[in-house]
Amino acid sequence: MDRKEFLTLIGMATGGIIISTCFDSCKKDDSSATTALSKDFTLDLTQASNAPLKNNGGFIVTNGVIVARTTAGAYIAVAAACTHQGTTVGFEAANNRFHCSNHGSNFSTTGSVINGPAGTALQQFNTSQTGNNLRIFS
């Protein structure tokens, strides 16, 4: 192999690596959806930081979880990070859904995808109320 052939092979290999990297960066980023979160914590509903949960339609974000109270009064909880790119979602009580303001993904109250670009559901957590305590757990 002479010098010209060697340099041509190196150039082609480098070009292939660059093109491969470009294609990888164009893939949909659902990496946050691959790891299930294990959660078990309790909220004291009398604390000021949890006051939004006293009202139907209110929500808080804590411990990586968005906890909301539906317009019907039920407590629901899902992972707070959008599965598209990790932006924290909000709860839209009027639309009965979780919404990511970054790219417009919407999720049902169970975390399933209504529309993308997110392609993976938000992890749903169980809720259990005993008096003024609301437990959120996997």
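Just so it is clear, the model here is predicted, and its values are computed rather than measured. Just so you know, residue 1 is the first one in the sequence shown, and it goes up from there.
Closest non-hydrogen pair, Thr127 versus Ala77, comes out as CG2-CB, 3.9 Å. Val113 and Ala118 make their closest contact through CG1-O, 3.4 Å (heavy atoms, listed as atom of the first residue, atom of the second, distance). Between Tyr75 and Leu53, the shortest heavy-atom distance links the atoms OH-O, 3.3 Å. When all heavy atoms are compared, the tightest approach of Gly57 to Ala93 is CA-CB, 3.4 Å. Taking all atoms of both residues into account, the shortest heavy-atom contact from Val61 to Ala80 is CG1-CB, 3.8 Å. Scanning all heavy atoms of the two residues, the minimum distance from His99 to Gly104 falls at CE1-CA, 3.9 Å.
Side-chain contact check for Pro52 versus Phe59: every heavy-atom pair is 4.5 Å or farther apart. Using a 4.5 Å heavy-atom threshold, the side chains of Val89 and Asn106 count as separate. No side-chain heavy atom of Cys82 sits under 4.5 Å from any side-chain heavy atom of Phe98. Counting heavy atoms from C-beta outward, Thr70 and Asn56 have side chains that stay 4.5 Å or more apart. The closest side-chain heavy-atom distance from Phe107 to Ser112 is not below 4.5 Å.
Linking Ile, Leu, Val, Met, Phe, Trp and Tyr residues whenever their side-chain heavy atoms come within less than 4.5 Å places Leu122 and Phe91 in a single cluster.
Rounding to the nearest 0.5 Å gives a distance of 12.5 Å between OG1 of Thr71 and CG of Asn55. For the atom pair OG1 (Thr87) and CG (Asn102), the distance works out to 3.5 Å, reported to the nearest 0.5 Å. Expressed to the nearest 0.5 Å, how far CG of Asn126 lies from CD1 of Ile76 amounts to 13.0 Å. The CG atom of Leu45 lies 8.0 Å from the CZ atom of Arg69; values are rounded to the nearest 0.5 Å. Here Thr42 contributes atom OG1 and Ile136 contributes atom CD1; the two are 7.0 Å apart, rounded to the nearest 0.5 Å. To the nearest 0.5 Å, the span separating CZ on Arg97 from OG1 on Thr110 amounts to 14.5 Å.
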May I have the step-by-step check of side chain to side chain contact (heavy atoms under 4.5 Å, CB included) for Asn96 and Thr109, ending in yes or no? CA-CA 7 Å; Asn96 206 36; Thr109 56; 3.5 Å; yes
CA sep, side-chain torsions, deciding dist, call: Asn133, Leu43, side chain to side chain contact (heavy atoms under 4.5 Å, CB included): CA-CA 6 Å; Asn133 292 317; Leu43 300 174; over 6 Å; no
Worked verdict on Val78 versus Val65 for side chain to side chain contact (heavy atoms under 4.5 Å, CB included): CA-CA 6 Å; Val78 297; Val65 176; over 6 Å; no
Working for side chain to side chain contact (heavy atoms under 4.5 Å, CB included), residues Asn50 and Leu134: CA-CA 10 Å; Asn50 300 324; Leu134 181 65; over 6 Å; no
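The backbone N or O of Asn63 sits less than 3.5 Å from a side-chain atom of Lys39, completing a donor-acceptor pair. Distance alone, capped at 3.5 Å, is enough to place a donor-acceptor pair between the Asp44 side chain and the Thr46 backbone.
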